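Reviewing the structure listed below.
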Amino acid sequence: QVQLVESGGGLVQAGGSLRLSCAASGNIFSINVMGWYRQAPGKQRELVASITNGGSTNYADSVKGRFTISRDNAKNTLYLQMNSLKPEDTAVYYCRALYGIVAWGQGTQVTVSS
């Protein structure tokens, strides 16, 4: 089993930055892919960014050039650096790990004010 805990969300003005963290514990050696998803109230959960153990990254078109996904293997932590934030980025952000089955974190709220 893998457990994921997100942190770093909060309230920020448009144009500002936040860094989200996702701490992984459990059978972390089995993880192949990790990613960030987000979901606004009444909307579908969508992929924001993902990263493989080999370092390959994937970004949603809406965040490409503004967000950067990275990992610190020594700390077993996934990060999402979010720059030039827009009100449209307001959502609950979830960490996801793929290790044969999918594990989700509880989510962290990001609110971007105009």
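Just so we're clear, the structure is a prediction, and the values are computed from it rather than from any experiment.
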**Prompt:** Can you get from V33 to V102 by hopping between Ile, Leu, Val, Met, Phe, Trp and Tyr side chains that sit under 4.5 Å apart?
**Reply:** yes
**Request:** State yes or no: do W104 and L98 share one hydrophobic cluster built from I, L, V, M, F, W and Y residues joined by side-chain heavy-atom distances below 4.5 Å, directly or via other members?
**Result:** yes
What is the distance from atom [atom1] of [X] to atom [atom2] of [Y], rounded to the nearest 0.5 Å?
X	Y	atom1	atom2	answer
C22	R71	SG	CZ	13.5 Å
D89	T111	CG	OG1	11.0 Å
K43	R38	NZ	CZ	9.0 Å
N58	T52	CG	OG1	10.0 Å
I51	M34	CD1	CE	10.0 Å
I28	Y99	CD1	OH	12.5 Å

**Request:** Given side chain to side chain contact (heavy atoms under 4.5 Å, CB included), test S7 with L20 step by step and report yes or no.
**Result:** CA-CA 6 Å; S7 62; L20 305 184; over 6 Å; no
**Request:** In sequence, state the C-alpha distance, the side-chain angles, and the governing distance for L80 and T68, and then conclude on side chain to side chain contact (heavy atoms under 4.5 Å, CB included).
**Result:** CA-CA 6 Å; L80 184 67; T68 302; over 6 Å; no
**Prompt:** Between C95 and L78, is any pair of side-chain heavy atoms under 4.5 Å apart?
**Reply:** yes
**Asked** Taking C-beta and beyond as the side chain, do Y93 and M82 meet within less than 4.5 Å on heavy atoms?
**Response** yes
**Asked** Would you say the side-chain atoms of T108 pair up with the backbone N or O of G9, donor to acceptor, closer than 3.5 Å?
**Response** yes
**Complete:** Shortest non-hydrogen pair, Y59 vs I69, comes out as OH-N, 2.9 Å
**Non-hydrogen atoms of P87 and S114 that approach each other most closely** = CG-CB, 3.9 Å
Residues which pass side chain to side chain contact (heavy atoms under 4.5 Å, CB included) with [X], listed by chain and number, not counting sequence neighbours:
X	value
D61	none
K75	D72, T77, Y79
Q39	R45, Y94
V12	L18, L85, V112

**Prompt:** Could you walk me through whether W36 and E6 pass the side chain to side chain contact (heavy atoms under 4.5 Å, CB included) check?
**Reply:** CA-CA 10 Å; W36 289 97; E6 302 97 335; 3.8 Å; yes
**Request:** May I have all residue pairs that pass side chain to side chain donor-acceptor pair (under 3.5 Å) and include part of residues 10-33, sequence neighbours excluded?
**Result:** Q3-S25, S17-N83, N27-S30
**Worked check of side chain to side chain donor-acceptor pair (under 3.5 Å) between Q44 and Y37** = CA-CA 10 Å; Q44 179 179 327; Y37 287 70; over 6 Å; no
**All pairs passing disulfide bond (SG atoms under 2.5 Å apart) where residues 28-91 contributes a residue, at least two apart** = none
